[in-house]
Q: 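I have a structure I would like to understand better, so I am pasting it below and will then ask my questions one at a time.
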Amino acid sequence: MVSYKVIKERLESEKGVVYTAYGIKAVKNGSELCRVSDIGCTYIAVKKLCIRCNRLKLSPVHLRDVAEDFIAKV
């Protein structure tokens with residue numbers, strides 16, 4: 001079964017500003033299947049998205065589309 005987890009990243013903008021961002025990774029049997037970086041800057045919002053992905057048993061092939069829709073709403 002696939003599970004989704006929040007990932008924390010330290011990234012640098014084009015202007016050289018370092019910031020913390022959160023993304024999501026899909027994991028199955030301890031192996032990372034895919035990840036989407038820099039979805040949001042608040043842990044809580046990305047965690048709620050992970051919970052929803054897990055609850056709905058999202059297929060990893062749809063993770064990028066779900067992340068893009070999430071970003072568009074923020």
Q: Any chance you could measure Ser3, atom OG, to Asn29, atom CG, to the nearest 0.5 Å?
A: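 Reported value, rounded in 0.5 Å steps: 9.5 Å.
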Q: Once rounded to the nearest 0.5 Å, what's the spacing between atom CG of Leu49 and atom CG of Asn54?
A: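 Interatomic distance, Leu49 CG to Asn54 CG, rounded to 0.5 Å: 9.5 Å.
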Q: Answer with yes or no whether the hydrophobic clustering places Ile24 together with Ile7; edges join I, L, V, M, F, W, Y residues whose side-chain heavy atoms lie under 4.5 Å apart.
A: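 No, no single cluster joins them.
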Q: Would Phe70 end up clustered with Leu11 when hydrophobic side chains under 4.5 Å apart are linked, directly or stepwise?
A: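 Each belongs to a different hydrophobic cluster.
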Q: Identify the two heavy atoms, one from Glu9 and one from Gly23, that lie closest to each other, and give their separation to 0.1 Å.
A: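 Shortest heavy-atom separation between Glu9 and Gly23 comes out as OE1-N, 4.4 Å.
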Q: Looking at Arg35 and Arg64, what are the two nearest heavy atoms and their distance?
A: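 So the minimum-distance heavy-atom pair works out to O-NH2, 3.8 Å.
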Q: To the nearest 0.5 Å, what is the distance between NZ on Lys73 and CD on Glu68?
A: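 One finds 13.0 Å between NZ of Lys73 and CD of Glu68.
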Q: Would you check if the side chain of Thr42 reaches a backbone N or O of Ile44 as a donor-acceptor pair within less than 3.5 Å?
A: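 Side chain of Thr42 to backbone of Ile44, a donor-acceptor pair under 3.5 Å: no, none is there.
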Q: Would a single hydrophobic cluster contain both Val36 and Ile51, if residues Ile, Leu, Val, Met, Phe, Trp and Tyr are joined by side-chain heavy-atom contacts under 4.5 Å?
A: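 The answer is no; the residues belong to distinct hydrophobic clusters.
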Q: Shortest non-hydrogen contact from Cys53 to Val66?
A: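 Taking every non-hydrogen atom into account, SG-CG1, 4.2 Å.
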Q: At their closest point, which heavy atom of Asp38 faces which heavy atom of Ala21, and how far apart are they?
A: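 In this case the closest contact between Asp38 and Ala21 is OD1-CB, 3.2 Å.
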Q: Could you pull out the closest heavy-atom pair between Cys41 and Tyr19, with the gap in Å?
A: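 Heavy atoms of Cys41 and Tyr19 come nearest at SG-CD1, 4.4 Å.
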Q: Kindly say whether Leu63 contributes a backbone atom to a donor-acceptor pair with the side chain of Tyr4 at under 3.5 angstrom?
A: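 Absent.
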Q: Quick one: pull up NZ in Lys57 and CZ in Arg55 and give me the separation to the nearest 0.5 Å.
A: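 Between Lys57 NZ and Arg55 CZ, I get 11.0 Å after rounding to 0.5 Å.
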Q: Locate the shortest heavy-atom distance separating Thr20 from Lys8; write the atom from each residue and the value.
A: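 Nearest pair, atom of Thr20 first, then Lys8: CG2-CE, 3.6 Å.
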Q: Atom NZ of Lys28 and atom SG of Cys34: how far apart are they, to the nearest 0.5 Å?
A: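 Answer for the NZ-SG pair, Lys28 versus Cys34, is 12.0 Å.
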